[in-house]
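Structure first, then comments.
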Amino acid sequence: MSEPVTYRLEGRIALVTIDNQPVNALSHAVREGLDGAITRFAGDDAAEALLLTGAGRVFLGGADITEFGKPPRAPSLPDVITAIEGLEKPVIAAIHGVALGGGLEVALGAHYRLAMPGTSLGLPEVKLGILPGAGGTQRAPRLVGVAAALDMITSGTPIGPEKALEIGLIDRIGSGDDPAAAGLAYAEELLAAGAQARPVGALPMPQDAPELFEARRAALEKSARGEIAPLTALDAVRAATRLPIGEGLEEERRLFQQLLDSPQRAGMIHAFFNDRKVAKLPEIAGVAPRDFASVGVIGGGTMGAGIATAALLAGLRVSLVERDADAAERARATIEKNLAAAVKRGKLGQERRDAILSGALDCVTGYEVLGGADVIIEAVFESMDVKKEVFAQIDRVARPGTVLATNTSYLDINEIARATSRPQDVIGLHFFSPAHVMKLLEIVVAGKTAPEVTATAFALGKALGKTCVRAGVCDGFIGNRILSHYRAAADHMVLDGASPYQIDAALRDFGFPMGPYQVADLAGLDIGYMTRQRKADQRHERDRYPGWADTLYEMGRLGQKSGRGYYIYDEQSPRGRLDPEVEEIIAAEREAQGIRPRDFTDEEIVERYMAAMVNEGARVVDEGIAQRPLDVDVTLLYGYGFPRHRGGPMHYADTAGLGVIRDRIQRYAGGDDHFWQVAPLLARLADDQSTFASLNG
Ligand code: COA
């Protein structure tokens, strides 16, 4: 293997280049190479300045995340950076692409920083459950002040070079497209001006700002609920205002180590790698997707209009088909509203919005227009008869090779595909509402779907900015199928004596943004009612029935949209307050079913809810509906509010121990051995003392 760090004299400047593709992560070999380069430069009389650059598309992508959790190997990154900072001749970093995490910390160890246009500079460690542990929390506040450092470190959000220049994080924005050339020119200029070494660590301690810290702490407790990394990172920055650099670095290390050892770190890094693995599927490896530039959408309700909005935002042309002119007009109005909201959120410029509306969107009434589409997505009423009729019509107008997608959330896509003469082109694209906002896209591969069509669906999803998960055909696919199971577990607890409010609160404490009954209010209680009606003939005599939910529906308590559901929504409590009447309705139901209510602890609530989620997740994997446990984790994270710092339900189960989860289920079976049956895959893995992770490949 070639050396990951090279040293070359360019005149009087030592050009040190880090080359560890794909993102120049600061692995052990790179740190050793840097250490060698530092020593060589210190003793190289011909070298008057050192220029640090990265080879390939980025400067430095950060510490090597694959090394986290493994025994540390010297030299450590903090030591390497302190050595860079301590050099007596000037060190310049020429940054391009990205300088993230440890990568930016290396640049902070340099004495001068130049960034190329379009560079992304950030300290994203909190997104991995850690903090910048190689001096970032001590050097950044010295360089840019406490407020700007806190912005970067506690949010993890990167900034561009203009902002970086404004706050003093960098000294210059380079020109041209060659970072080494721009860096060399800058280094020459500095030498000509007699520039000296200028260590950031030697800058005065930044001023403490107790009120600012308190305000930020309070804000983070709300926005990053349950996460320890942002608050610990804040403590580390605070230390920079109180301790000289050497002691500050030690304190930072101590706090970093605490986070490194925490299960939250393991959960978030699991999620980081899953984000990348989820789209890597053997069935589409090396399969070229078909081209797509224009999308046809059938149906202009909330879902269809949301899908159309997502496609427009991604720069695609959209033809939306509705039943009549009025409906087409309404669909257009919804899309306009969605785009206006995107402009307001800063996601879309006014000019682009105008261009989209005048050139990229057609809302029409005839199917003929779909003859020009590369992908057609149906988002009409959820009924097999209606869908089959729509697909038969699509089949008549679509040209060969068009991808035909259904947005059904539970119907049998094989049956829908049979309504066409080309089942190989039919696939499910299950968007979540609102489709232009929610990140998750379940790509449902039917029995005859061609790999090329699956590859196209993944490419389209990526273009739309979605996190795509491959699912197989079954009622509810991955997400909704698992949801209906853990929601049933929650309903059983309500029947047995827990209040929905206690359940919601316990699950919020676990890290969900909302509990299941708040979610029910948001989605509308009519949705749950219709699902129960639809599944009435599949009901087993031993299924426990949440009769109170029907009562609430029948009373017109549909949730947020009617001002009342499980909670009351009005001016006094726009986000909902408890309603004793609901507790009475539930109590009446318990009595009717002859149940003597008992108390639940928050802990038991979480354990039962999670056991149900994991158990059904195991079935979904075993049946091949999800190909790997990680697909379940990603689905729950991006579509169902599962707390990222817990990695996902299957990772949670691995952390708790599969034997522990199995034993819980067996214990719960004592009260209901119909609902609580250990999934065969869970049983097998628990017997082997194995993990779900072992199946992630
Ligand atoms: N350590 C180890 N591997 C890393 C890595 C890191 N810091 N950053 C990225 N990788 C790996 C990815 O897992 C991926 O591997 P794969 O091809 O086997 O799946 C590969 O590098 C490319 O990364 P990807 O994210 O697909 O490329 P990209 O061009 O979309 O994005 C980055 C590049 C650097 C912006 C992005 O990878 C990123 O944000 N990385 C994490 C940065 C970070 O948090 N650093 C702080 C660590 S202290």
Side-chain angles (χ1 to χ4, degrees), residues 292-344 347-348 350-400 402-409 411 416 419-420 425-438 460 464 524 526-527 530 558 561:
F292 54 87
S294 64
V295 175
V297 177
I298 306 175
T302 308
M303 191 48 97
I307 294 169
T309 307
L312 291 166
L313 287 171
L316 303 173
R317 285 195 313 279
V318 172
S319 302
L320 186 144
V321 177
E322 254 296 356
R323 228 184 303 220
D324 53 48
D326 280 354
E329 216 23 70
R330 276 199 302 278
R332 192 180 175 88
T334 310
I335 294 168
E336 283 181 10
K337 220 172 77 195
N338 291 344
L339 292 176
V343 171
K344 211 168 150 197
K347 298 256 177 219
L348 179 70
Q350 188 71 35
E351 264 175 37
R352 258 203 66 213
R353 186 206 83 114
D354 296 346
I356 287 173
L357 288 175
S358 60
L361 173 66
D362 254 338
C363 293
V364 296
T365 53
Y367 272 58
E368 291 68 32
V369 68
L370 298 175
D374 301 313
V375 177
I376 299 174
I377 307 171
E378 158 282 311
V380 301
F381 185 65
E382 281 284 82
S383 136
M384 184 54 90
D385 291 344
V386 175
K387 302 257 185 204
K388 278 169 138 172
E389 170 58 29
V390 166
F391 271 80
Q393 289 205 50
I394 297 175
D395 197 23
R396 278 194 285 278
V397 295
R399 57 167 189 251
T402 304
V403 171
L404 313 183
T406 168
N407 174 59
T408 180
S409 51
L411 292 171
I416 295 176
T420 73
D425 290 328
V426 177
I427 196 161
L429 289 181
H430 181 214
F431 288 86
F432 290 70
S433 193
H436 57 296
V437 177
M438 290 290 285
L460 173 68
L464 300 185
D526 44 333
I527 304 283
M530 284 185 310
L558 301 186
K561 61 185 161 195

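Position 1 is the first residue of the sequence; numbering continues from there.
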**Request:** Under the side chain to side chain contact (heavy atoms under 4.5 Å, CB included) rule, what do H436 and L464 come out as? Steps first, then yes or no, please.
**Result:** CA-CA 8 Å; H436 57 296; L464 300 185; over 6 Å; no
**Request:** Output, in order, the C-alpha distance, side-chain angles, deciding distance and verdict of side chain to side chain contact (heavy atoms under 4.5 Å, CB included) for R332 and L357.
**Result:** CA-CA 9 Å; R332 192 180 175 88; L357 288 175; 4.2 Å; yes
**Request:** Please assess L460 against L316 for the test side chain to side chain contact (heavy atoms under 4.5 Å, CB included), listing each intermediate value before the final yes or no.
**Result:** CA-CA 10 Å; L460 173 68; L316 303 173; 3.7 Å; yes
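A distance of 10.0 Å separates CD in E322 from OG1 in T365, rounded to the nearest 0.5 Å. The CG atom of D324 sits 11.0 Å away from the CD atom of E329 when rounded to the nearest 0.5 Å. The distance from the OG1 atom of T420 to the CG atom of L404 is 6.5 Å, given to the nearest 0.5 Å. Between the CG atom of L339 and the CG atom of L361 there is a distance of 8.0 Å, given to the nearest 0.5 Å. Rounded to the nearest 0.5 Å, atoms NZ (K387) and OG1 (T406) are 4.5 Å apart. Within the model, atoms CD1 of I356 and CD1 of I335 stand 10.5 Å from one another, a figure rounded to the nearest 0.5 Å.
In this structure, Q350 places its CD atom where more than 12 heavy-atom neighbours from other residues, nucleotides or ligands lie under 6.0 Å away. Within 6.0 Å of atom CZ in R317, 12 or fewer heavy atoms from other residues, nucleotides or ligands are found, so the atom counts as exposed in its surroundings. The number of heavy atoms from other shown groups lying within 6.0 Å of NZ (K561) is above 12.
The backbone N or O of G304 sits nowhere less than 3.5 Å from a side-chain atom of N407 that would complete a donor-acceptor pair. Although no hydrogens or angles enter the test, the distance criterion places a donor-acceptor pair under 3.5 Å between the side chain of S294 and the main chain of G372.
The shortest non-hydrogen separation linking A405 to F391 is O-CZ, 3.6 Å. Summarising the geometry of S409 relative to H430, their closest heavy-atom pair is CB-NE2, 3.2 Å, with the distance given to 0.1 Å. The minimum heavy-atom distance between G300 and A305, with the atom names listed, is O-CB, 4.0 Å. Pairing each heavy atom of V343 with each of R353, the nearest pair is CG2-CD, 3.8 Å. The shortest non-hydrogen separation linking I307 to A379 is CD1-CB, 4.2 Å. Annotation for A328 and C363: closest pair O-CB, 3.6 Å, computed over non-hydrogen atoms.
With sequence neighbours left out, T402 forms a side-chain hydrogen bond (donor to acceptor under 3.5 Å, both in side chains) with no residue at all.
The side-chain heavy atoms of K347 and L313, taken from C-beta on, include no pair separated by under 4.5 Å.
Just one residue in the list L429, I377, D425, V375 forms a side chain to side chain contact (heavy atoms under 4.5 Å, CB included) with V403, and that residue is V375.
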